[in-house]
Amino acid sequence: MTLTAKNIRTVYIDHDVQDLPNIQPILDYFQGVPREIVDGPTAVFRRVAEAPDPISAAKEVLFLTKNKGAFVRKCPGTKEYTCCGYQILHIGTFCTMDCSYCVLQAYFHPPALQFFVNHDDLFAELDQVLESRNPEIRRIGTGEFTDSMIWEPWSGLSHRLVERFGRQDHAVLELKSKTVNIQGLDKLSHNRKTIMAWSVNTPEIIATQERNTAPLHARLAAAAKCESWGYPLAFHFDPMVIYPGCEQEYEKVVDLIFDHVSPENVVWISLGTFRFMPDLKAIIESRFEKSKIVYGEFITGLDNKMRYFKPLRIKLFQVMAAALKKRAPQAAAYFCMEDDEVWRKSFNQTPDLPSLLDQSAQRVCLLK
Ligand code: SF4
């Protein structure tokens, strides 16, 4: 679900940014929505925190503000599990969609739908990063603290980012979404340096756990459209949820993906089973009363997150490894946050993960 005037109750504007040139077009888009100039985030956070369900309330207020910290940051992996060396481009926080398992519900205190509008600072920092050609910064994505595409079409940010990445050959941008907000991407000079990525799941999990997201067939149709416009693609099976019959259902999703798109254009496919910080359990129980996802066979992992018992994870991953080998043998499939044993038992290897992904990006996105 995109972020529009229909689902926002108030637009707050940080007084620091009210005179930036990109503010007025945004306010024009949100014409008719009450707006208020505020001095920093305190008033916004207080209003959200006072609501009966602050998480739902936070999805209905847009706060236009400045990112005062770094825009490009290392993804916070954990040393106990194999990490992929990804970089986050921090464009905003939180999301209009509402997935039961969403870690962002417990990550921000309180949460807020913030969009950082100091784009001159963003692009100045990005220019520096890209011009440095740092070999450790080759994969950058905006979809870690938010969904990459909910800010379209009113922000224009994806368009600027796609074209900026299109003018260099060292790194790729990944835009990850559960929406189908791809309007306008066809006209951009992307030069294959932007990967359009979708998080995917079984129709059962999408219907029961992912409120306000696009259905699977719509995500795959959007992926096929982007492929026809020359974009490389990626898919993220994360979080995979274990339930009776899930193996066959996830195998069917693999088949559906490759009924829509060609494996040669897929840069990577990640696999990760449902895991959660203990704090998230109470949030899911109170906000998603019908959800049963927190009642599986979980143990506490080395990162203190609850994870499915390892043999259950390996069993599902082995099914997925076989399905992917059959339909997309050349696509780089990888685990987000798993250990060597899981890698060996599922993929018969323990790779240098950053190199595996960099090489795949070099091949499919024509990096130098
Ligand atoms: S789409 Fe992603 S960011 Fe948005 S609610 Fe779902 S999991 Fe969270």
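Read the numbers this way: they start at 1 and go in the same order the structure lists the ligands and their atoms.
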Between F347 and F317, is a ring pair (Phe, Tyr, Trp, His ring centres under 6.0 Å) present by the stated rule, with each step listed? CA-CA 9 Å; F347 285 131; F317 288 148; 8.0 Å; no
Do any N/O/S atoms of C95 come under 2.8 Å of atom 4 (Fe) of ligand 1? yes
In sequence, state the C-alpha distance, the side-chain angles, and the governing distance for F274 and F276, and then conclude on ring pair (Phe, Tyr, Trp, His ring centres under 6.0 Å). CA-CA 7 Å; F274 177 46; F276 57 99; 4.9 Å; yes
Could you tell me if any non-hydrogen atom of T213 lies under 4.0 Å from any atom of ligand 1? no
Is the number of heavy atoms from other residues, nucleotides or ligands under 6.0 Å of Q349 CD greater than 12? yes
Find all atoms of ligand 1 within a distance of less than 4.0 Å from any non-hydrogen atom belonging to L104, and give their numbers and elements. 3 (S)
Numbered atoms and elements of ligand 1 in range of K178, under 4.0 angstrom, heavy atoms: 1 (S), 2 (Fe), 6 (Fe), 7 (S)
Can you check ring pair (Phe, Tyr, Trp, His ring centres under 6.0 Å) on Y231 and H190, steps first, answer last? CA-CA 7 Å; Y231 286 89; H190 58 76; 3.9 Å; yes
Give me the residue, atom name and distance of the protein heavy atom closest to atom 8 (Fe) of ligand 1. C102 SG, 2.3 Å
Indicate, with yes or no, if the rings of F115 and F63 have centres closer together than 6.0 Å. no
Could you list the atoms of ligand 1 found under 4.0 angstrom from a heavy atom of M97? 1 (S), 5 (S)
Ranked by distance from atom 6 (Fe) of ligand 1, the top protein heavy atom is C99 SG, 2.3 Å
Heavy-atom neighbours of K310 NZ exceed 12 at 6.0 Å: yes
